[in-house]
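Please read the structure below before turning to the comments.
We count ligands from 1, going down the list as the structure has it; atoms in each ligand are counted the same way.
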Amino acid sequence: MTTVLVLNGPNLGRLGSREPDVYGSADLAALRTTLEAAAPSGTTIDLRQTDDEGELIGWLHGAVDAGTPVILNPAAFTHYSYGLRDAAALVTKAGLLLVEVHLSNPHAREEFRHTSVISAVATGVIAGFGFDSYRLALDLIVRRTTI
Ligand code: DQA
């Protein structure tokens, strides 16, 4: 049994009602359902969301300790949280996959979103495809952890 941690940062709990023109009108529960349907049998989706930087960092520490691959949407923390970056680096330095995902394409948006302090320590980045960003990340993790 493989578990994939799907971690979501600040304001993503408001998905569905938050700027639907940018993020779509489906909520986090719908994302969980989508990923559970896409996951092969034997793969468990552990989807979480927090507005708290320390809690998100703690979850990454837990991924290191448990050896769990991570899909991470750091939301606004993407652009400035060195604490989160250092925790993400612990995951990839431990040899675990960490895929940074974004619903929108931050490079097509405001200037401050063009910088990610996470990307350089992530295994890779998928952005701009809505829920499919997460699905592609899941496919990738499943492929790389089962071969
Ligand atoms: C986001 C993009 C970030 O710039 C923003 O702060 C978010 C969501 C995305 O999924 O497109 O909260 O990470």
Side-chain angles (χ1 to χ4, degrees), residues 2-40 43-64 66 68-145:
T2 307
T3 297
V4 178
L5 258 184
V6 183
L7 303 182
N8 295 278
N11 301 305
L12 290 171
R14 293 282 165 160
L15 218 53
S17 60
R18 174 194 179 202
E19 299 183 73
D21 49 317
V22 177
Y23 299 115
S25 52
D27 62 11
L28 221 50
L31 177 61
R32 180 181 281 110
T33 304
T34 298
L35 293 178
E36 283 174 350
T43 299
T44 300
I45 301 298
D46 183 352
L47 186 147
R48 307 178 193 176
Q49 188 276 330
T50 183
D51 296 327
D52 186 305
E53 190 178 8
E55 187 168 34
L56 197 49
I57 289 169
W59 288 343
L60 290 175
H61 294 171
V64 173
T68 310
V70 178
I71 298 171
L72 174 64
N73 186 342
F77 293 150
T78 305
H79 312 301
Y80 65 89
S81 174
Y82 296 118
L84 190 64
R85 175 199 166 102
D86 287 348
L90 287 176
V91 176
T92 50
K93 288 246 159 58
L96 298 164
L97 292 167
L98 182 144
V99 184
E100 176 186 345
V101 299
H102 299 280
L103 294 154
S104 67
N105 175 0
H107 297 283
R109 301 179 62 196
E110 302 97 317
E111 186 95 28
F112 76 90
R113 298 186 202 277
H114 298 183
T115 298
S116 169
V117 300
I118 309 296
S119 297
V121 298
T123 312
V125 183
I126 303 172
F129 299 103
F131 282 7
D132 279 342
S133 293
Y134 291 76
R135 288 187 56 160
L136 289 164
L138 177 61
D139 287 352
L140 191 281
I141 286 173
V142 167
R143 190 145 20 101
R144 297 243 171 146
T145 51

Where is the tightest heavy-atom contact between V64 and L96, given as atom of each residue plus distance?
CA-CD1, 4.0 Å
Does the side chain of R48 reach to within under 4.5 Å of the side chain of V6, using non-hydrogen atoms?
no
Can you name the side-chain hydrogen bond (donor to acceptor under 3.5 Å, both in side chains) partners of D51, sequence neighbours left out?
Q49
Only counting residues at least two apart or in another chain, list the ones meeting ring-ring contact (aromatic ring centres under 6.0 Å, His included) with F112.
H79
Donor-acceptor under 3.5 Å (S133 side chain, H102 main chain):
yes
Could you list, one pair per line, each nitrogen or oxygen of ligand 1 together with any protein nitrogen or oxygen closer than 3.5 Å, giving atom names and the distance rounded to 0.1 Å?
| from | atom 1 | to | atom 2 | distance (Å) |
| --- | --- | --- | --- | --- |
| ligand 1 | 4 (O) | H79 | NE2 | 2.7 |
| ligand 1 | 4 (O) | R113 | NH1 | 2.9 |
| ligand 1 | 6 (O) | A76 | N | 3.2 |
| ligand 1 | 6 (O) | R113 | NH1 | 3.1 |
| ligand 1 | 10 (O) | N73 | ND2 | 2.9 |
| ligand 1 | 10 (O) | L103 | N | 2.8 |
| ligand 1 | 11 (O) | L103 | N | 3.3 |
| ligand 1 | 11 (O) | S104 | N | 2.8 |
| ligand 1 | 11 (O) | S104 | OG | 2.6 |
| ligand 1 | 12 (O) | R18 | NH1 | 3.1 |
| ligand 1 | 12 (O) | R18 | NH2 | 3.0 |
| ligand 1 | 13 (O) | N73 | OD1 | 2.8 |
| ligand 1 | 13 (O) | H102 | ND1 | 2.8 |

Enumerate the residue pairs fulfilling salt bridge (charged side-chain N to carboxylate O under 4.0 Å, His left out) with a member in residues 68-81, sequence neighbours excluded, ordered by first and then second residue.
none
